[in-house]
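Quick caveat: nothing in here was measured; it's all calculated off a predicted structure. Numbers for residues simply follow the sequence, beginning at 1. Hydrogens, waters and symmetry mates play no part in the numbers below; they use all other heavy atoms, side chains included.
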Amino acid sequence: MRKVTAGLFYSIDGVAEAPDQFQFDSFDDELGALLGSVMVDVDTVLLGRKGYQEWAGYWPNAGEDMDFAAYINNVPKFVASRTLKQGDLTWQNSTLIEGDVEAFVRDLKQQAGGTIAAMGGLSLVSQLTLAGLLDELTLIVHPVIAGKGKRLFEDGTPTTRLELINSQITSKGNALLTYGKRAD
């Protein structure tokens, strides 16, 4: 069975939205190695509507000399949206998820292939986590207080216990924390 993962840039006050507004100079070699390993293991990407629209507006024109641009432009991308239509998806290798997202991901996990990563969409990552479909959630916690912005889990989210399966502190003070489903 394939694994579904997600990795989010995070501030210490729990903000995951618009990390370009709080990352500053915290990117380091260890973080680069983590992101490089994603490009090796992940052969399928899940995106929410907002993530798709932001990324589709940037990555196709970012230049193929950027490693991530070459990767993300060519990898198969599945988009979860209640408002977009298949004809709205102009970014190469993008397909709209028809029907129930959770059922789609359950089916995708059963198919042959490598790791599936939810890359763009806080709502999608939250939904997959709470549905028990996300196998690993990596929070890349930067040493900064963002002060404002959307969090992954909002007030009213049901209590959900996870298990820490890996942790690392990088040379610039980023905490790389990977959580999995707790086996109770």
Side-chain angles (χ1 to χ4, degrees), residues 1-10 14-19 34-35 37-62 68-140 149-163 165 178-184:
M1 180 182 295
R2 296 169 79 182
K3 180 169 60 173
V4 178
T5 65
L8 299 172
F9 297 113
Y10 232 61
V15 173
E17 176 185 45
L34 171 70
L35 299 179
S37 71
V38 167
M39 292 188 289
V40 170
D41 296 336
V42 172
D43 68 1
T44 306
V45 170
L46 302 171
L47 296 163
R49 179 190 55 82
K50 289 179 187 175
Y52 170 82
Q53 289 175 321
E54 288 175 13
W55 287 26
Y58 178 77
W59 288 112
N61 304 309
F68 190 72
Y71 164 78
I72 198 64
N73 287 328
N74 291 302
V75 72
K77 296 169 282 293
F78 294 97
V79 181
S81 174
R82 293 182 191 94
T83 57
L84 293 175
K85 306 291 183 229
Q86 184 62 43
D88 297 333
L89 304 184
T90 58
W91 190 11
Q92 69 188 42
N93 300 318
S94 296
T95 304
L96 186 67
I97 297 171
E98 301 285 343
D100 182 69
V101 171
E102 292 174 20
F104 177 85
V105 173
R106 272 188 209 93
D107 182 59
L108 194 59
K109 287 180 76 160
Q110 299 300 320
Q111 296 175 19
T115 301
I116 303 161
M119 289 193 176
L122 296 178
S123 297
L124 178 62
V125 172
S126 177
Q127 179 181 358
L128 295 176
T129 302
L130 297 175
L133 293 169
L134 196 70
D135 299 292
E136 291 183 3
L137 171 62
T138 299
L139 301 179
I140 302 161
K150 188 172 179 182
R151 288 156 172 74
L152 176 57
F153 301 106
E154 301 295 333
D155 289 346
T157 299
T159 301
T160 305
R161 302 199 51 200
L162 303 173
E163 177 180 6
I165 56 177
T178 301
Y179 295 93
K181 295 184 279 189
R182 186 172 159 165
D184 284 333

Which residues share a salt bridge (charged side-chain N to carboxylate O under 4.0 Å, His left out) with Lys50, sequence neighbours left out:
none
Within this structure, what is the CG-CZ distance for the pair Leu46 and Phe78, rounded to the nearest 0.5 Å?
8.0 Å
Donor-acceptor under 3.5 Å (Arg2 side chain, Gly114 main chain):
yes
Return the minimal non-hydrogen interatomic distance between Ala80 and Val101, and the atom names on each side.
CB-CG2, 3.7 Å
Over 60° means perpendicular and under 30° means parallel, so classify the ring planes of Trp91 and Tyr52, tilted if in between.
tilted
Considering only heavy atoms from C-beta outward, does the side chain of Val42 approach that of Ile116 to under 4.5 Å?
no
Determine whether Thr95 and Lys77 satisfy the following criterion, side-chain contact (heavy atoms from CB on, under 4.5 Å), listing intermediate values before the conclusion.
CA-CA 6 Å; Thr95 304; Lys77 296 169 282 293; over 6 Å; no
Hey, is the main chain of Leu122 close enough, under 3.5 Å, to the side chain of Ser126 for a donor-acceptor pair?
no
For the side chain of Asn74 and the backbone of Ala70, is there at least one donor-acceptor N/O pair under 3.5 Å apart?
yes
Give a yes or no on whether the backbone of Leu133 and the side-chain of Lys181 come within a donor-acceptor separation of less than 3.5 Å.
no
Rounded to the nearest 0.5 Å, how far does CD of Glu136 lie from OH of Tyr179?
13.0 Å
With a 4.5 Å cut-off on side-chain heavy atoms, are Asn93 and Val75 touching?
no
Minimum side-chain heavy-atom gap Leu124-Leu47 below 4.5 Å:
no
Expected output: side-chain Gln86 to main-chain Leu96 donor-acceptor under 3.5 Å:
yes
State, yes or no, whether a side-chain contact exists between Val38 and Thr5 at a heavy-atom distance under 4.5 Å.
no
Distance in Å, Asn73 CG paired with Gln92 CD, rounded so as to fall on 0.5 Å steps
5.0 Å
Could you walk me through whether Val105 and Val4 pass the side-chain contact (heavy atoms from CB on, under 4.5 Å) test, one step at a time?
CA-CA 9 Å; Val105 173; Val4 178; 4.0 Å; yes
Going by an N to O cut-off under 4.0 Å, is there a salt bridge joining Asp135 and Lys109?
yes
Suppose we screen for side-chain hydrogen bond (donor to acceptor under 3.5 Å, both in side chains). Which residues come up paired with Gln110, at least two apart in sequence or across chains?
none
Return the minimal non-hydrogen interatomic distance between Thr90 and Gly87, and the atom names on each side.
CG2-O, 4.3 Å
Quick one: does Val79's side chain get under 4.5 Å of Ile97's, heavy atoms only?
no
So how far is it from Asp100 CG to Asp107 CG, rounded to the nearest 0.5 Å?
11.5 Å
Is the backbone of Val15 close enough, under 3.5 Å, to the side chain of Lys150 for a donor and an acceptor to pair up by distance?
no
Mutual orientation of the aromatic rings belonging to Trp55 and Trp59 [parallel < 30°, tilted 30-60°, perpendicular > 60°]:
perpendicular
Got a second to check how far Ile165's CD1 is from Arg182's CZ, nearest 0.5 Å?
14.0 Å
So do the side chains of Leu34 and Ile140 get within less than 4.5 Å of each other, counting heavy atoms only?
yes
Please report the interatomic distance CZ(Arg151) to CG(Leu8), rounded to the nearest 0.5 Å.
13.5 Å
Between Ala62 and Ala69 the two heavy atoms that sit nearest each other are CB-CB, 4.0 Å
Leu152 vs Tyr10, test: side-chain contact (heavy atoms from CB on, under 4.5 Å). Steps then yes/no.
CA-CA 9 Å; Leu152 176 57; Tyr10 232 61; 3.6 Å; yes
For the residue pair Gly149 and Glu17, what are the closest heavy atoms and their distance?
CA-OE1, 3.4 Å
